[in-house]
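These notes are about the structure you will find just below.
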Amino acid sequence: MTLHIVTFTRSTPDTAAKVEVDGSGNVVWDAANVVNPWDEYALEEAIVQAKNTGGKATVIAVGDDSHEEALKHSLAMGLNEAIRVTEESANMGDSLIWSTLAAGAVQKLGDVQLAIFGKEAIDTQTDQHIYQTARKLGWTVLSFVSKILELDADAGTIKVERAVEHGKQTVTAKLPVVISVVKGINEPRYPSFIGIRKASKATIPVWGASDLGIELPQAPTEVLSYENPPARDITTEIIEGATIEEKATKLVDKLLEEKVL
Amino acid sequence: MSIFAWIETFEGKASPTSWEALGAAKSLATSLNTDVTAVILGQGATDIASEAGAYGADNALVCDDTTLEPYRLEPYAALLSQLVSEHNPKAVVAVASTSGRELLASSAADTNSGMIGDVTELSIDGDDLIAVRPAYAGKVTSTVKASGATTFVTLRGRAFPTPEKGTGTATVTQVSPVLAADDITTQIESLESESESVSLTDAAIVISAGRGMANNPNAAPADAADATVWKAQDGFANVIQPLADTLGAAVGASRAAVDAGYIPYEHQIGQTGKVVNPDLYIAAGISGAIQHQAGMRGSKVIVAVNKDAEAPIFKLARYGVVEDLYDFLPALTAELKKRLGK
């Protein structure tokens, strides 16, 4: 049995970008968008696992056309197909809406056995959409996967290593599953020149809720506003002293005064 | 219309940060003039329920079944979703640990409820829950409104106070698991425990090191595969760890140190690593790139040790020491040992 793997991606501000809220309350940043850094590992893993199992890998972005860049990057890396899913009238920032669309797209593809997510979305700063997509699909979810130890499409099983709070866990599950992967699972490849050229010409299909045959629920959450975090009112005190030991003594005095020791 | 608090357990004990969730649930319950129900699943649940009572829970729903030990998402989510459907709590609150995040999100999806993750402030406005949470790696915050019958909320660890332990008792109700052993397709084969180290997300003190670890004056042995990596690793073992042990601190690292192979990724703090919220954060040999700041700027008191007086980390620090970490940290460790009586 060949394996059809789906992976998800999104475009996010570069991690080095200065992100702030402008006078109109909009979030703005001073650098180009990149592929959500966690997704790079998911994209690479999808390519590798599809190749190893003689299957194929499809990438999906849920959201507006700002995510086309991440999809093109994915195609340039070597993903077989790309799809964008969106519903203009819906509040796409709510994870229940997001995951209902994501699960609908996976179901429309029909033959998917494995969905791979990066650990978290760096812009919305959440991973809840991952588990919610799994639940909407009725699939098992294995989060924080640091290594795929075995993936047997014929037996319909997967064995992974997870980086959990209390250590490294080895766990098996039956396909289909959703996994989220952490940094270190692989070394993501750079897109090739030919890949970039090919991807630039690709037309990416866009699916809406009606294409998926689903009805979206009312979004239960809504972002009311974004704020700049309160400025840290810090006066930095440089610890001076004639010797290293004197500086150490002074610093410990200060920390005891601050009651953090 | 109770407020639920999920009390996370590990090997028969409550995870200490769970009481922060119970305290936040209690505040919500007080605003809504309702009660708090602790949901405790797994080994020792009944004993933990009396502890939950002491921390302020009015009721406890407990299930100590073999299918719930150790924690696996499937049986936990199935049971939590059923309890939510039966009791219709206004909110379900837990700490945003790895398990808390996936469990609450899963049950939120099962029950078509709203979910707000990693919350740092929480309040009630009429029928709505209002939460403040970080976005864009903490570079901005967002205020989110949740409406609907039930809202699932995970709290950033250490963002809410631990309630005082009193003499209250909870009314305990035993509940049955939803999934039988055969219904659960996930099987845990092994857990390689790292229990001796302090968890970064729970730590009150974090000592973090970066690229500066390569400046170790100790010479690498001739057979070292990479002299720079050896020096940095030797520094983590013999300079950073003794300081961490003295302070009961967790050890963190910058992305530069992780990418260079000085220390495993589990220790990375920053935008693509862990976010920490300690009382004291000591950054040694870390310049303080914006990505690193995203992971530690919530620390109460920041101490920067760097030989480069111009390093951006000094702009964020309450106290700065312009010294090479290899000179200063051993002196600091010695002084702390003396003063803390160790």
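Nothing here was measured: the structure is a model prediction, and the numbers come from that model. Chain identifiers are assigned alphabetically (A, B, ...) following the order of the sequence lines, protein sequences preceding nucleic acid strands; residue numbering begins at 1 within each chain.
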Given Val144(B), Leu191(B), Val132(B), the one with more heavy-atom pairs under 4.5 angstrom with chain A than any other is Leu191(B)

Region of [X] that comes under 4.5 Å of a non-hydrogen atom in chain A:
X         : value
Thr151(B) : neither
Lys338(B) : neither
Asp118(B) : side chain
Asp259(B) : side chain
Ser15(B)  : neither
Tyr319(B) : both
Ile130(B) : side chain
Glu8(B)   : side chain
Val301(B) : side chain

Exercise: do Gln271(B) and Thr15(A) side chains pair donor with acceptor under 3.5 Å: no

Are Thr172(A) and Gln187(B) close enough that a side-chain donor and a side-chain acceptor fall under 3.5 Å? no

I need the minimum non-hydrogen distance between Gln125(A) and Arg133(B), along with the two atoms involved. O-NH2, 2.7 Å

Could you pull out the closest heavy-atom pair between Gln128(A) and Ala105(B), with the gap in Å? CB-CB, 3.6 Å

Residues of residues 70-77 of chain B under 4.5 Å from chain A (heavy atom pairs)? Leu73(B), Glu74(B), Ala77(B)

Salt bridge or not between Arg339(B) and Asp253(A)? Use side-chain N to carboxylate O under 4.0 Å. yes

Taking atom CG of Asp152(A) as the centre, report whether more than 12 heavy atoms of other residues, nucleotides or ligands fall under 6.0 Å from it. yes

